[in-house]
Amino acid sequence: MLGLNDRQSEACSYTEGPLLILAGAGSGKTRVLVHRIAYLIDEKSVDPYNILAITFTNKAANEMKERVEREIGAQAEGVWVSTFHSMCVKILRRFYSRIGGNNNFTIYDTDDQKAVVKEVLKTLGIDPKMYPERACISFISTAKEGYKTPEDMDLEAGSDYRAIQMARVYREYQKRMKLNNALDFDDLIFETLELFQKDEEVLELYQTRFKYIMVDEYQDTNNSQFELVRLLAAKWRNLCVVGDDDQSIYKFRGANIYNILNFEDEYSDAKVVKLEQNYRSTSNILNAANAVIANNEGRKDKRLWTENGEGSKINYTVYETEYEEAHGAVNIILEKNIEGRPYSDMAILYRTNAQSRAIEEKLVYANIPYKLVGGTGFYNRKEIRDIVAYLKLLSNNSDEVSFSRIINVPKRGIGQTSIAKIRELSTEAGVSMYDFCKDEANRGLLGRAAEKIGGFIELMKSLVPVAESGDLEQLYEDIMEKTGYRNELQIERTDEAAARLDNLEELKNKIVSYMEEAEEPTLMGLLEDISLVADTDDSAEDTDNKVTLMTLHSAKGLEFPIVFITGMEERLFPSGMAMDSDDPDAVEEERRLCYVGITRAKEELYLSSATTRMMHGNRNYPLESRFISEIPKEYMTRTGIKANVIKKDPFAGPASFGGTTPSVSTPRYTAPLPRTFRKATSPMTDVSSIEYGVGDTVRHIKFGKGKVISMVKEADDYEVTVAFDTVGEKRLFATLAKLKKV
DNA sequence: GAACCCATCATTTTT
DNA sequence: TGATGGGTTC
């Protein structure tokens, strides 16, 4: 086959029956997948409609789509190329109702999940200190990744009290999700699996359709995804999985490396093709990577080789501190840039996000533009989440997380108490919070807040026709205007408010471009895009002349001519957590991460460590990483402690490199903003109406009944000390505590 | 309702 | 060190 090596050709043309392609780093994996699809269509006359290609990320899916299209033109449209999650959404939107679901579900992300878990813990009376939300979410996620129901988890728990409690949380969580008509990311896979298990007709439909199935990054699949693929492929058994066990670095996310290691057991007639020729790196780099990964046990036997030249040796430098280390990298970057290397040829990788700080500081100081990958995404900004919550509530009235989020945003004088009451009463009535509030008679039960809630309902009602019209840009504008959200930010006149407005403008841009690009734009579709297609780095930014900073995890799948891996220290890399783990595979996974890091480099690789580093506010004196000692001397030069003084940037000022002005780059969405709005303080309420005195028994909304011990006059308030029956003595302020005489 | 204070806690992350 | 969340104080 044209332009392919023998192994690659073989992988493309072996189309019938199960096939495992073990694709080493830089071995042209995507190329093979793309050619394989083209081969099926052009040579084997397979209808594109019968081909399914599954990836993990949207980026990978888009790249594959584009390349297939370039190869075979318009026919490519028929091929279903999608991420696991988008594929499942598509299926569930069509058939979820057949197993009692609602096709109109909303997708919840981790933050939404957190809100749900919070409520769950409250209703179950479980102490979040003992069972932190994070832990609960991760428990639930692990269960679903293993295709286990709350009942399964309860059985599995045996007499383990903690596990029993967790299973309870899981059960209640699922109940709430159902009430909210929401599915989390894991549910998307889980429920599709349920659908296939329970509805043979639907399964049969997809099985029949997908005669040829390809799964990328197979080493990252979890058990549910494995099962999903197994079911889909069961009819024709033309399943081609591509992956590299040596690049399995997502165990913490449920990935099961045995899915790829045991593929041949599951499919005994599987053909295995190994792609071992590397087209990316110099042999020094490749040999070093091979040497490191060879220390792992239980991996598929393979060894990457290359026809590329030896290249320069890997450079390992020990610095005194993390700042020296950053200096060192920055100096090299400056030198390389002067030699003519664009900044975009260089990347600095690290194990933990916290390490970026020192590096960023030095880059800023040296006036080097950089791009920080990862961190808090666009859709996690408070203002974005607020507006999106309006959209979500309009799309799904049952979404109580969104309802609770925005009922008092911007401020409408509807407090926690009212919200809690709505939640309670609506649950009793068996309707959603929003539907409950829609009924004027119901609002009457809510006392003082009734009118304000009525206002909110009227507001939402006025948005419904706009939402139904399908003009999402108008809908966005109406939300911004009618809620007063824009106005609130505008009158604030702070930099922070301006940044928020900028971000909202960016959201509008996303909405507009969605309207333009989507085949059939709908509100639901937009929300899907927002949830499923995390803000991928804009292409404009990619091409900019900037140094890339990111974690080793984020670097998977990428390549750069010059790579820096910083923090080569025990307990940092490998991480302390991995080292302390009972699971011997934990350190092996770190080693795989190291392998991934090394193999990102095409021409030059710089490793570094510091003899002392601040971690969690403590000064540590870490040992050099074991991975350093695993690299044979012949491929690496070692430099001892070297004090680094940052060189003066000869181009500081208006001068420029290669046509572009080096400007200090900050991440697009700038520094973290406080989560709350600043606003004028509220006016004091009337004190004269206090109806109780010392010795009286009073009731507090939260603390219950208690006896007034003392009342001290303050400026324009009383400080009341109350001995409560349950929580003991509390000092409260009369205007705020709203104590009621009993 | 919101500013502030203190305790706590801390990989990796896409969907 | 630093971000974050809950509780306290007006």
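Quantities reported herein were computed from a predicted structural model and do not represent experimental measurements. Note on naming: letters A, B, ... go to the chains in the order of the sequence lines (proteins, then strands), and numbering restarts at 1 for each one.
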Using atom C1' in both nucleotides, what's the gap between B:dT11 and C:dG6 to the nearest angstrom? 25 Å

P-based separation of C:dG5 from B:dT12 [nearest Å]: 16 Å

Regarding A:Lys118 and A:Gln113, do their side chains bring together a donor and an acceptor under 3.5 Å, going by distance alone? no

With sequence neighbours excluded, residues passing ring-ring contact (aromatic ring centres under 6.0 Å, His included) with [X]:
X: A:Tyr108; result: none
X: A:Tyr218; result: A:Phe263
X: A:Phe56; result: A:Phe84
X: A:Tyr147; result: A:Phe190

Rounded distance (Å) that lies between atom [atom2] of [N] and atom [atom1] of [X]:
X: A:Leu121; N: C:dG6; atom1: CG; atom2: C1'; answer: 15 Å
X: A:Ile137; N: B:dT15; atom1: CD1; atom2: P; answer: 18 Å
X: A:Lys382; N: C:dA3; atom1: NZ; atom2: P; answer: 19 Å
X: A:Glu217; N: B:dT15; atom1: CD; atom2: C1'; answer: 14 Å
X: A:Gln416; N: B:dA2; atom1: CD; atom2: P; answer: 12 Å
X: A:Asp111; N: C:dG5; atom1: CG; atom2: P; answer: 9 Å

Earlier contact from the 5' end, DNA chain B, for A:Ser531 and A:Arg412: A:Arg412

Take A:Gly413 and A:Ser86, find for each the nucleotide of DNA chain B with the closest heavy atom, and name the residue whose nucleotide sits nearer the 5' end. A:Gly413

Phosphate contact (B:dA2 OP1 or OP2) by A:Lys411 side-chain N/O below 4.0 Å: yes

A:Arg448 atom CZ: more than 12 heavy-atom contacts under 6.0 Å: no

Readout for nucleotides 7-14 of chain B: B = base within 4.0 Å of protein heavy atom, S = sugar-phosphate only, - = neither; 5' to 3' it is ---BBBBB

Describe the nucleic acid contact of A:Gly415 in one word from base, sugar-phosphate, nothing, applying a heavy-atom distance below 4.0 Å. sugar-phosphate

By the 4.0 Å heavy-atom rule, please label A:Lys556 as base, sugar-phosphate, or nothing. nothing

Using the test side chain to side chain donor-acceptor pair (under 3.5 Å), find all partners of A:Lys148 that sit at least two apart in sequence or belong to another chain. A:Glu156

